[in-house]
> 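This is the structure I have questions about; it appears just below.
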2 protein chains.
Amino acid sequence: MPTSLRPSQALRLWHDVTFDLVRDGEHDLSARQMAVLLTVYLEMPPHTVRGLAAKLGVTKPAITRALDTMGRLGLVSRHRDAADRRNVVVQRTVAGALAVERLGDLIIARHKELPP
Amino acid sequence: MPTSLRPSQALRLWHDVTFDLVRDGEHDLSARQMAVLLTVYLEMPPHTVRGLAAKLGVTKPAITRALDTMGRLGLVSRHRDAADRRNVVVQRTVAGALAVERLGDLIIARHKELPP
DNA sequence: GCTAAATAGAACGGTTCCGAAACGATTGCG
DNA sequence: CGCAATCGTTTCGGAACCGTTCTATTTAGC
């Protein structure tokens, strides 16, 4: 575990990274979309619409729409589950992995710049 | 400066905090609104609509609307500048300070929980 | 004083997102 | 087989937000 963040550092970090995301305007993802994206890329698959909706505490159509948007951006892809064809599994993409990786780099860079 | 975050830790932190924000659903602020809120509470006043728009690289009406929403939520307040009555200065509120403080606590808590 | 510049906000049309409800497709169970 | 349950999606009306454009107010310069 890293050394503890102080409140001013924590907020400064959040501000700086959010600021970069808005300023660069690449993603323009809502908080929900960001939560879905990171859940898909950080947690163990498989990820279904229902599972994501339950985990995030939102409705299924909200997940469907988030996946629509992120699919349009190439950040995730959807695939029918062959075993149970009612299910849709959300899969990672190269572009999505790159975007997540860039976000990680951004957080780390801003974290390094934090005042002591 | 805290010890450096590793990529997996940085992304895990971002995921966990975003997840909490979505799950608890208290704020429901967009990335822009979050950037405005944290800028107002972290950077040196005074904050004008024009200044915030220039800093974030968005249009003035976008800032006006963000301030409308956040004012409705009681997170900020607006006042005409007495010196130059064309300007509106954005001021902090008790509720806003509390919300920002809670966000800081959330980030710190999630940061503490990060795997080594 | 009078005009020009600056500032915030309002109006407008288009886009996106929301939750609730309804719907088709699929599966499991009796 | 038949019927209920499950799953993802679509539809619907409403709300929020976007950028552009325009307006009202105020200030600065001549």
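Proteins come first, then strands; the chains are lettered A, B, ... in the order of their sequence lines, and each starts at number 1.
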> Within this structure, what is the CD1-to-P distance between I63(B) and dT7(C), rounded to whole angstrom?
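These atoms are roughly 14 Å apart.
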> Select base, sugar-phosphate, or nothing to describe what S30(A) touches, counting heavy atoms under 4.0 Å on all strands.
nothing
> In whole Å, what is the span from the CG atom of N87(A) to the P atom of dG28(C)?
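One finds 10 Å between P of dG28(C) and CG of N87(A), rounded.
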> Heavy atoms only, 4.0 Å cut-off, all strands: where does R65(B) land among base, sugar-phosphate and nothing?
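Base, at least one base heavy atom under 4.0 Å.
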> Of R85(A) and V58(A), whose closest DNA chain C nucleotide lies nearer the 5' terminus?
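By nearest-heavy-atom nucleotide position, the 5'-most residue is V58(A).
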> Report yes if a side-chain nitrogen or oxygen of Q33(B) is closer than 4.0 Å to either non-bridging phosphate oxygen (OP1 or OP2) of dA16(D); otherwise report no.
no
> Nearest-Å distance, CG (D81(A)) to P (dT9(D))?
13 Å
> Grab the NZ-C1' distance between K60(B) and dG19(D) for me, whole Å please.
13 Å
> Taking the side chain of V49(A) as heavy atoms from C-beta outward, which of dG19(D), dC18(C), dG8(D) is closest to it?
dG8(D)
> Between H15(A) and T39(B), is any side-chain donor less than 3.5 angstrom from a side-chain acceptor?
yes
> If you check the P61(A) side chain, which of dG9(C), dA21(C), dC17(D) turns out closest?
dA21(C)
> Taking the nucleotide of DNA chain C with the nearest heavy atom to each, does D84(A) or D68(B) sit closer to the 5' end?
D68(B)
> I'd like a table of donor-acceptor pairs (distance under 3.5 Å, sequence neighbours excluded) in which one partner is a side-chain atom from residues 56-66 of chain B, with atom names and distances.
| residue | atom | partner | partner atom | Å |
| --- | --- | --- | --- | --- |
| T64(B) | OG1 | K60(B) | O | 3.3 |

> CE of M70(A) versus P of dT16(C): gap in Å, rounded?
16 Å
> For dT9(D), take OP1 and OP2 only and decide whether either is under 4.0 Å from a side-chain N or O of R78(A).
yes
> Taking atom P of dC18(D) as reference, at what distance in whole Å does atom CG of L67(B) sit?
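My rounded result for the distance is 11 Å.
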> Looking at T69(A), I'd like to know whether one of its side-chain N or O atoms comes within less than 4.0 Å of OP1 or OP2 on dC17(C).
yes
> Report the hydrophobic cluster partners of V94(B), with the cluster defined as I, L, V, M, F, W, Y residues connected by side-chain heavy atoms closer than 4.5 angstrom, directly or transitively.
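The other cluster members (ILVMFWY side chains, heavy atoms under 4.5 Å, direct or chained) are L98(B).
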> Less than 4.0 angstrom from a charged side-chain N to a carboxylate O is my criterion; do K55(A) and E43(A) meet it?
yes
> Under a 3.5 Å cutoff, is there a donor and acceptor pairing between the side chains of Q91(A) and H79(A)?
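The criterion, which ignores hydrogens and geometry beyond distance, is not satisfied for H79(A) and Q91(A).
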> For the pair made of CZ in R80(B) and P in dA8(C), what is the distance, rounded to whole Å?
8 Å
> Closer than 4.0 Å, any side-chain N/O of R32(A) to the OP1 or OP2 of dC18(C)?
yes
> Per the atom types in the model, does the base of dG28(C) pair as donor or acceptor with the side chain of R86(A) at under 3.5 Å?
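Answer no: no donor N or O sits under 3.5 Å from an acceptor.
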> Could you check whether A53(A) gets within reach of a base, just the sugar-phosphate, or nothing at all, counting any heavy atom under 4.0 Å?
nothing
> Does T64(B) place a side-chain N or O at less than 4.0 Å from the phosphate oxygens OP1/OP2 of dA8(C)?
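For dA8(C), neither OP1 nor OP2 has a side-chain N or O of T64(B) closer than 4.0 Å.
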